[in-house]
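So you know, we letter chains A, B, ... as the sequences are listed, proteins then strands, and number each from 1. The shown structure was predicted, so the numbers you read here are calculated from the model rather than taken from an experiment.
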Amino acid sequence: MVVAPLAPVTAGAAVSAMNLVGLLAFAVAGALKGADADLDPFGVATLGVLTALGGGTIRDVLVGRVPAALRSTGDVLVVLAGVAVGLLVAGALSGGAGRVRDHPAFLGADAVGLAAFAASGAAVGAEAGLSAFGVVVTATLTGVGGGSLSDLLLTRTPVVLREDFYATPALAGGVAYVAAGALGVRGATATLGVALGVFVLRLVAVRRAWSLPRL
Amino acid sequence: MVVAPLAPVTAGAAVSAMNLVGLLAFAVAGALKGADADLDPFGVATLGVLTALGGGTIRDVLVGRVPAALRSTGDVLVVLAGVAVGLLVAGALSGGAGRVRDHPAFLGADAVGLAAFAASGAAVGAEAGLSAFGVVVTATLTGVGGGSLSDLLLTRTPVVLREDFYATPALAGGVAYVAAGALGVRGATATLGVALGVFVLRLVAVRRAWSLPRL
Amino acid sequence: MVVAPLAPVTAGAAVSAMNLVGLLAFAVAGALKGADADLDPFGVATLGVLTALGGGTIRDVLVGRVPAALRSTGDVLVVLAGVAVGLLVAGALSGGAGRVRDHPAFLGADAVGLAAFAASGAAVGAEAGLSAFGVVVTATLTGVGGGSLSDLLLTRTPVVLREDFYATPALAGGVAYVAAGALGVRGATATLGVALGVFVLRLVAVRRAWSLPRL
């Protein structure tokens with residue numbers, strides 16, 4: 001993974017921007033999933049909010065912080081905008097929401113979110129003094145926890161446990177963050193580097209339709 | 001919503017009384033749900049306890065407190081009494097527990113619980129310094145979190161995501177608590193006012209068979 | 001229950017040894033469950049890790065501690081070894097993993113784990129100043145929480161709610177820990193005594209095929 005020689009401030013701003021794209025993409029994805037499952041508007045909004053904010057909330061509870069999602073306001077407005085978009089799209093397509101989620105633009109935005117969330121998960125875990133295993137867990141859960149929680153609410157086994165090369169990039173990002181720290185690369189630079197690595201890995205996996213082998 | 005000009009002590013006592021009614025109603029409801037699902041007595045008791053204490057426990061974990069349910073004893077005795085009532089009723093009716101849960105007396109007690117839990121959730125969220133969004137989330141989750149967890153244990157999509165005007169009064173209570181705070185109404189008076197508002201809204205919804213429109 | 005008059009250091013070491021056996025057995029059990037459910041290798045590993053570490057993680061979150069599983073490394077290595085064993089066994093048996101989980105050696109190791117986890121859950125709950133009810137809850141959840149979470153990920157009602165005399169020994173261990181404390185028996189001696197009691201109770205239940213009566 002090539003870590004661009006950016007100043008920390010620029011790197012931090014880049015990660016923040018990726019995070020906003022991810023919140024929007026995840027909120028839209030969750031709302032569409034809820035609409036496909038024939039939930040009422042409250043349920044659709046819940047799925048959008050949970051998909052976007054659930055992973056970070058799990059991460060914060062695990063490291064003993066009051067969830068950022070419940071303390072800030074900006075992120076929430078982005079998420080609610082995503083839910084609104086999801087409701088509009090679901091209303092317009094009536095049942096064909098699957099097509100939206102397979103659209104390249106959507107998959108790209110989703111990959112940006114996965115990357116930003118996994119990187120921020122790793123950074124928060126490392127800040128909290130977790131072990132290498134703990135950092136890998138917070139990276140993975142921050143990336144895939146929200147979608148998995150919304151799958152569970154719909155009584156579906158989380159997609160990431162069964163197919164697709166989706167959790168693996170997030171997990172690899174956690175490993176890369178730990179390795180970078182061992183090599184002395186930390187802070188916003190490490191976070192951005194990991195985010196870019198996860199993004200590229202996920203995009204390649206989508207392009208080549210990678211999946212893990214069955215046992 | 002009319003906020004009665006009660007002294008805080010009286011208002012606090014009123015909310016406590018509503019809370020006890022709610023614990024009892026939720027414990028009975030959870031136990032009946034478990035008995036209908038053919039669980040063993042441990043499972044029935046688990047569902048009763050979780051339905052009554054689960055919402056408050058989620059709330060406390062989110063704001064970083066050790067759950068009140070695990071520290072106090074009085075509430076637990078009420079919940080265990082509710083479980084015992086549920087077991088007796090389930091044994092006597094053998095399969096017809098649905099009739100109990102649709103009985104007006106039961107729906108009224110359940111509405112009292114929803115109201116008390118939503119109001120206490122809003123108050124705890126505000127005390128913990130959460131954002132307006134955070135207060136709405138803790139109000140809603142305290143009200144519907146226990147029932148939703150017990151639905152998940154039975155591998156059912158939480159009822160509140162699919163039908164009924166049940167989560168909406170709790171959510172509206174959270175919004176009202178935030179609005180009251182902005183107008184300078186806080187503490188036990190605000191909590192009681194919100195609880196009464198949620199109660200009335202839920203009762204009207206039951207009477208008129210309100211539900212959110214499908215998409 | 002006979003409490004052996006061991007020095008606390010010896011008792012502590014005995015509980016630690018039981019804990020390691022339990023982590024290994026639970027990780028193998030979780031991985032086999034995941035393989036039976038046709039998950040990909042990431043999913044299988046997730047189920048093994050969650051089954052072994054999930055109960056203790058729930059316990060730590062409830063008492064406001066950063067989960068031990070995310071801070072330490074030794075336990076994780078044991079769990080990953082268990083996952084590897086599970087993957088190998090599942091690959092070798094291809095579908096007959098059920099036989100492994102019914103093997104007496106496996107049931108014995110699993111009972112050791114249940115006993116160690118329930119006892120440590122009671123001890124952590126008591127240390128955190130929980131009520132008697134809270135101690136019983138942390139004992140039970142530490143013992144059965146990991147397996148229940150992995151059942152939920154597979155969208156199955158947790159086995160412990162429906163059949164078997166499995167959660168009951170853990171719950172009884174929590175009650176015994178509280179009773180021992182009231183009689184002045186605390187610390188490592190109480191923990192070991194409870195662990196031995198839970199172990200024996202679970203083994204007898206397996207031998208005699210005990211289960212709770214249906215309602």
Applying a strict 4.5 Å limit to non-hydrogen atoms, the region of A:I58 in contact with chain B is neither
Leading residue by heavy atom contact count with chain A [cutoff under 4.5 Å; candidates B:L161, B:L171, B:T168, B:L130] = B:L161
Give the member of A:L153, A:T46, A:V66, A:L154 that has the highest number of heavy-atom pairs under 4.5 Å with chain B.
-> A:L153
Atom pair CG/CZ of B:L141 and B:F117 - distance to nearest 0.5 Å = 13.5 Å
Pick whichever of A:T57, A:V76, A:V61 has the most heavy-atom pairs under 4.5 Å with chain B.
-> A:V76
Please state whether the side chain, the backbone, both or neither of A:L152 comes within less than 4.5 Å of a heavy atom of chain B.
-> backbone
Decide yes or no for A:L50 and A:F26: does some side-chain heavy atom of the first lie under 4.5 Å from some side-chain heavy atom of the second?
-> no
Among B:T155, B:V137, B:L62, which residue forms the greatest number of heavy-atom pairs with chain A at distances under 4.5 Å?
-> B:L62
Given the rule in the side chain to side chain donor-acceptor pair (under 3.5 Å) test, do A:S120 and A:R59 qualify, once you have shown the distances and angles that lead to the verdict?
-> CA-CA 10 Å; A:S120 85; A:R59 172 201 67 203; 3.1 Å; yes
Answer with side chain, backbone, both or neither: which region of A:A45 has an atom nearer than 4.5 Å to a non-hydrogen atom of chain B?
-> neither
In this structure, CG of B:L192 is separated from CE of B:M18 (nearest 0.5 Å) by 7.0 Å
Do A:K33 and A:S150 pass the side chain to side chain donor-acceptor pair (under 3.5 Å) test, and can you show the C-alpha distance, the side-chain angles, and the key distance before you say yes or no?
-> CA-CA 9 Å; A:K33 186 156 56 171; A:S150 67; 3.0 Å; yes
